[in-house]
2 protein chains.
Amino acid sequence: MEIKDAVTTLAAMAQETRLAVFRTLVVAGPDGLSAGRIADALGVAPATLSFHLKELDRAGLVIPRQDGRYVIYAANFARMGALLAFLTENCCRGDSAGCAPANADTDAAVDCCPAPDSCC
Amino acid sequence: MEIKDAVTTLAAMAQETRLAVFRTLVVAGPDGLSAGRIADALGVAPATLSFHLKELDRAGLVIPRQDGRYVIYAANFARMGALLAFLTENCCRGDSAGCAPANADTDAAVDCCPAPDSCC
DNA sequence: TCCATATTTCGACAATAATCGAAATATTAA
DNA sequence: TTAATATTTCGATTATTGTCGAAATATGGA
């Protein structure tokens, strides 16, 4: 993942309503939820939710599919995984293998991090 | 971490210059870098960099310390770790233990994710 | 003390983001 | 086909963000 993609993805999550939407979809799993159910769950006006879903889609964080008159949104777990990988790849002087929480069991983290469980 | 803190932290990283600053500091490790060295490394005007460092500080992502006439900034690995924990905690129907890349070796991820390596 | 260097604050500006009512579009059910 | 429901687009408004030159503040060295 390039830095511009990371910025886009982070920006999509850097908004309270959108982060709540995304977390709701993460919990819902691959089956996803319709726009209406998300709106109900979070108490957001339909037009506002639609705006935010478009942002999340633009960032690649959700995958919409038409199902009858509903549009079902599901979290894009692959995209989220790619972001987490990007955020940890330059950790600890380039040795991402030693970084918690990605690899909390190794003790390589102590080579560069204040504590094994406090590294990116 | 609460959702508001996560939003603040994500927003701090959701900007190309700031993300570059943070990554530079992550690579630099706990010793950190002075504001001037960061400015040189990234080619950012001092006033602009100062603005962004303040944002990163407000979000808890960097820790500044005075060293003579320099101000040294270091990445706050603990804060970053807390954010990553927050982002993965509700993964896979609440079973964060099964999620890659946090725990790529287990195969619990297949229970809920499209693929073991594509889960948040 | 006085000057040079490092960093931050201030002020102004242009650009972008978030909200929501109303209207438009799409799909199903009667 | 007509009505009902689901979702998106549009338009307007308000608030926030990113940038940078110039000035202010802080520290160290001559």
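Order of the sequence lines fixes the chain letters, A, B, ..., with proteins taken first and strands second; residue numbering starts at 1 for each chain.
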Overall bend - the helix from dT1(C)-dA30(D) to dA30(C)-dT1(D), comparing terminal axes fitted on five pairs, nearest 10 degrees: 20°
Ordered by number, residues from residues 60-68 of chain B within less than 4.0 Å of DNA chain D (heavy atoms) are Q66(B), G68(B)
Ring-face cation contact, Y73(B) with R37(B), 6.0 Å cut, 45° max: no
Does any residue of residues 4-12 of chain A have a heavy atom under 4.0 Å from DNA chain C, and if so, which ones, in number order? none
Donor-acceptor pair between R79(A) and T9(A) side chains, under 3.5 angstrom: yes
For atom CG of L42(B) and atom C1' of dT19(D), their distance in whole Å: 16 Å
Where each residue is assigned the nucleotide of DNA chain C containing its nearest heavy atom, which of Q15(A) and R69(B) is assigned the position nearer the 5′ end? R69(B)
Can you tell me if E55(B) uses its side chain to pair, donor with acceptor, with the backbone of D57(B) under 3.5 Å? no
For Y70(A) and dT5(D), what is the distance between atoms OH and C1' respectively, to the nearest whole Å? 8 Å
Which heavy atom of L87(B) sits nearest a heavy atom of M80(A), and at what distance? CB-CE, 3.5 Å
Give R18(B) one of three labels, base, sugar-phosphate or nothing, depending on what nucleic acid heavy atoms sit under 4.0 Å from its own. sugar-phosphate
When rounded to the nearest 0.5 angstrom, what is the spacing between CD1 in I72(B) and CD1 in I63(B)? 13.5 Å
Could you check how far CD1 of I72(A) sits from P of dA6(D), rounded to whole Å? 12 Å
Measure from the side-chain N and O atoms of R18(B) to the backbone N and O of A11(B), and report whether any donor-acceptor pair falls under 3.5 Å. yes
Tell me every residue that passes side chain to side chain donor-acceptor pair (under 3.5 Å) with Q15(A), counting only those two or more places apart in sequence or in another chain. none
Which atom names give the shortest non-hydrogen contact between T17(A) and L42(A), and what distance separates them? O-CD1, 4.5 Å
Heavy atoms of chain A, cut-off under 4.0 Å: which first and last nucleotide of DNA chain C, 5' to 3', fall inside that, if you could look? dA18(C) to dA29(C)
Identify whether NZ of Lys or CZ of Arg in R65(A) sits under 6.0 Å from the centre of the six-membered ring of Y70(A) and within 45° of that ring's axis. no
Backbone of G68(A) reached by a side-chain donor or acceptor of Q66(A) within 3.5 Å: yes
Atom CG in L49(A), atom CG in D40(A): separation rounded to 0.5 Å? 10.0 Å
Quick one: are D67(B) and V71(B) in side-chain contact, heavy atoms under 4.5 Å? no
Donor-acceptor check, side chain of T8(B) to backbone of K4(B), threshold 3.5 angstrom: yes or no? yes
Is there a residue in residues 44-55 of chain B whose heavy atoms reach under 4.0 Å of DNA chain C, and which residues are they? P46(B), A47(B), S50(B), K54(B)
Any chance you could measure F86(A), atom CZ, to L19(B), atom CG, to the nearest 0.5 Å? 5.0 Å
Compare every heavy atom of V62(B) with every heavy atom of L53(B), then report the nearest pair and how far apart it is. O-CG2, 4.1 Å
